[in-house]
Participant: 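Here you go, one structure.
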Number of protein chains: 2
Amino acid sequence: MKEIKIRTTPEPTLRRLPRYYHLLLRLKERGINDVSSTVIAKELDLDPTQVRKDIEYTEIIGRPKTGYNISDLIKSIRTFLSWDTNSNAVLVGTGSLGTAMLGYKNFSKYGLNFIAAFDIKKELIGKEIHGVKVYNFNDLKEIIEKDKVTIGVLAVPVEAAQEAADKMIKGGIKAIWNYAPCQLKVDNSILVENAQLSQSLAVLTRKITELYLKESL
Amino acid sequence: MKEIKIRTTPEPTLRRLPRYYHLLLRLKERGINDVSSTVIAKELDLDPTQVRKDIEYTEIIGRPKTGYNISDLIKSIRTFLSWDTNSNAVLVGTGSLGTAMLGYKNFSKYGLNFIAAFDIKKELIGKEIHGVKVYNFNDLKEIIEKDKVTIGVLAVPVEAAQEAADKMIKGGIKAIWNYAPCQLKVDNSILVENAQLSQSLAVLTRKITELYLKESL
DNA sequence: TAGATTGTTAATCGATTAACAATC
DNA sequence: TAGATTGTTAATCGATTAACAATC
């Protein structure tokens with residue numbers, strides 16, 4: 001009897017994996033072949049055991065004494081995060097943030113393939129932004145139904161967010177990368193990853209204050 | 001003897017506070033005056049006790065039966081996160097992401113005041129992006145020394161990130177909001193908040209996979 | 001008053017860290 | 001071989017959740 005394991009990966013682990021990934025890419029560039037958890041931990045200011053545990057999730061096998069083969073580990077992380085298979089994505093909202101998303105060529109490295117963008121502004125419709133065509137928001141459903149689009153990036157103002165999300169879901173989208181600062185009400189079969197800049201900013205600004213508080217003692 | 005408490009706030013709490021904040025703004029718009037932890041929790045799909053604990057960090061006092069006064073709670077969160085006091089900030093790297101940051105007018109709502117942007121591209125220097133002047137990267141130090149700049153937003157390619165960080169720090173910057181996908185090597189008196197998009201994307205793409213794995217059982 | 005909600009202490013859960021045998 | 005490193009189990013730490021008296 002074969003063992004089936006689908007332990008869900010802790011979010012902190014998922015957030016650290018890209019950090020390992022980027023470090024590994026740079027080590028590889030430098031012509032290095034192997035790396036140990038000790039070295040990764042030192043570079044990223046983490047605990048070696050934690051690094052090993054995280055890496056273990058990707059199901060790669062290391063070798064005592066030498067550590068992990070860098071190329072293999074890169075591949076392993078890519079596969080684990082599905083960054084090695086292309087997914088069709090759409091962007092809704094071509095404001096400054098949306099435009100940046102389309103311009104961020106690197107997304108193809110993460111398997112994200114923008115096939116269309118949507119907006120309600122008449123003057124934008126039909127134009128191209130960084131090589132991606134902008135369609136009328138009202139045509140969202142049929143376009144994402146046609147190409148099998150799984151990921152929707154939401155970069156509209158709060159007022160328009162829920163409607164945009166609803167339309168995406170009706171078109172068959174399974175996961176929403178939400179940059180609008182609000183909670184989307186969706187069926188629990190739909191995945192929402194909130195990526196509001198304000199979350200990260202809150203961590204920064206509060207920690208600055210706490211740093212000052214500590215110093216003033 | 002006065003009690004001095006400087007318990008550092010857990011990061012998960014800091015990440016949730018902006019979510020409360022945005023919800024409260026919308027409730028206030030609707031003319032609602034008070035809200036209970038139960039309601040907040042329901043809206044954001046959290047545990048009521050957790051909401052109360054988080055809110056407690058901001059040192060507001062609620063009232064049994066009625067909950068919290070929305071205006072007071074908004075003010076309390078803003079103060080706690082230092083979003084009510086302006087901080088001078090600079091942006092380094094005016095690529096698509098950097099441009100989006102400057103265009104994101106909302107930052108002023110979070111107390112972030114961009115006084116300058118920097119790049120090495122000759123053709124950009126002297127121009128304005130969304131009302132913010134672009135300076136030569138080499139002049140970074142003197143400009144940030146002049147205006148008391150505390151926060152630096154780093155949106156340059158990996159290769160340029162460490163040098164840019166070093167220069168910021170020499171100019172007196174205390175905190176770096178890092179969008180470059182690499183670990184910055186800085187003195188431990190300097191605060192670095194990593195905000196790589198790939199971190200959030202990793203959570204999304206892996207969770208999609210785990211959702212499929214679960215469904216296929 | 002009765003009942004809902006806060007503030008807070010205690011219990012639980014999960015992630016991080018420590019310890020160490022197995023291994024190359 | 002000796003020694004560094006992995007893989008894994010156990011201990012610790014911290015965040016989440018439960019329980020409940022105080023309170024409006």
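Here is how names work: the chains are called A, B, and so on, in the same order as the sequence lines, proteins then strands, and each is numbered from 1.
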Participant: Is atom CD1 of B:Ile61 surrounded by more than 12 heavy atoms (other residues, nucleotides or ligands) closer than 6.0 Å?
Facilitator: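 No.
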Participant: Counting only distance, no hydrogens or angles, is the base of C:dT6 paired donor-acceptor with the side chain of B:Lys53 under 3.5 Å?
Facilitator: no
Participant: Which base sits across from C:dC20 as a Watson-Crick or G-U pair, both distances under 3.5 Å?
Facilitator: D:dG7
Participant: Mind checking if A:Thr13 touches a base, just sugar-phosphate, or nothing, with heavy atoms under 4.0 Å?
Facilitator: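 Since no nucleic acid heavy atom lies under 4.0 Å of A:Thr13, the category is nothing.
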Participant: Between A:Tyr57 and D:dG7, does any side-chain N or O lie under 4.0 Å from OP1 or OP2?
Facilitator: no
Participant: Let's see if you can work this out: which of D:dT6, D:dT16, D:dA15 has an atom nearest to the side-chain heavy atoms of B:Arg16?
Facilitator: D:dT16
Participant: Side chain of B:Ser37 only, please: which of D:dT6, C:dT6, C:dT17 is the nearest?
Facilitator: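 Nucleotide nearest to B:Ser37's side chain: C:dT6.
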Participant: Using a cut-off of 4.0 Å on non-hydrogen atoms, how would the nucleic acid contact of A:Ser36 be classed: base, sugar-phosphate, or nothing?
Facilitator: sugar-phosphate
Participant: Name the residue from A:Arg19, A:Arg26, A:His22 that meets the side-chain hydrogen bond (donor to acceptor under 3.5 Å, both in side chains) definition with B:Gln183.
Facilitator: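 Option passing the side-chain hydrogen bond (donor to acceptor under 3.5 Å, both in side chains) with B:Gln183: A:Arg19.
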Participant: Could you please name the option among D:dT5, D:dT17, D:dA15 that lies closest to any side-chain atom of B:Pro12?
Facilitator: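 Taking heavy atoms from C-beta onward, the closest nucleotide is D:dA15.
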Participant: Give none if C:dG14 has no partner; otherwise give the nucleotide forming a Watson-Crick or G-U wobble pair with it, both distances under 3.5 Å.
Facilitator: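 D:dC13 - that is the nucleotide pairing with C:dG14, both distances being under 3.5 Å.
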Participant: Could you state the CD1-C1' distance from B:Ile55 to C:dT6, rounded to the nearest angstrom?
Facilitator: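 My rounded result for the distance is 11 Å.
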Participant: Whole-Å distance between C:dT6 P and B:Asn69 CG?
Facilitator: 13 Å
Participant: Both B:Val35 and A:Arg52 contact DNA chain C. Which one's nearest nucleotide lies toward the 5' end?
Facilitator: B:Val35
Participant: What is the distance, rounded to the nearest whole Å, between atom CG of B:Asp34 and atom P of C:dA4?
Facilitator: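 Whole-Å distance recorded here is 17 Å.
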Participant: Measure from CG on B:Leu14 to C1' on D:dA15 and round the result to the nearest Å.
Facilitator: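 From B:Leu14 CG to D:dA15 C1': 13 Å.
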Participant: Going by atom types only, do A:Asp54 and A:Gln50 share a side-chain donor-acceptor pair under 3.5 Å?
Facilitator: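 No, A:Gln50 and A:Asp54 have no side-chain donor paired with an acceptor closer than 3.5 Å.
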Participant: Where the side chain of A:Thr38 is concerned, which of C:dT8, D:dT5, C:dT5 is the nearest nucleotide?
Facilitator: D:dT5
Participant: Is a side-chain donor-acceptor pair under 3.5 Å present for B:Thr66 with B:Asp34?
Facilitator: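 Their side chains do not contain a donor-acceptor pair, so the 3.5 Å distance test is not met.
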Participant: Map B:Gly67 and A:Lys65 onto DNA chain C by nearest heavy atom, then report which one ends up closer to the 5' terminus.
Facilitator: B:Gly67
Participant: Rounding to a whole Å, what distance do you find between A:Glu59:CD and D:dT8:P?
Facilitator: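 Atom CD in A:Glu59 sits about 11 Å away from atom P in D:dT8.
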Participant: Before you tell me yes or no, could you show the steps for B:Thr9 and A:Lys207 under side-chain contact (heavy atoms from CB on, under 4.5 Å), namely the whole-Å CA-CA distance, both residues' side-chain angles and the distance that decides it to 0.1 Å?
Facilitator: CA-CA 8 Å; B:Thr9 318; A:Lys207 280 192 176 169; over 6 Å; no
Participant: Could you state the atom-to-atom distance from CG of B:Leu73 to C1' of C:dT5 in whole Å?
Facilitator: 15 Å
Participant: Which nucleotide in the set C:dT6, D:dA18, C:dT17 lies at the smallest distance from any side-chain heavy atom of A:Asp47?
Facilitator: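 Among C:dT6, D:dA18, C:dT17, the one nearest the side chain of A:Asp47 is C:dT17.
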Participant: Can you tell me the distance, in whole Å, between the CZ atom of A:Arg15 and the P atom of C:dA15?
Facilitator: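 Rounded to whole Å, this separation is 14 Å.
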Participant: Just how far, in rounded Å, is P of D:dA15 from CD of B:Gln50?
Facilitator: 11 Å
Participant: For B:Phe80, does the six-membered ring have the charged nitrogen or CZ of A:Arg206 within the cation-pi criterion, i.e. under 6.0 angstrom from the centroid and within 45° of the normal?
Facilitator: yes
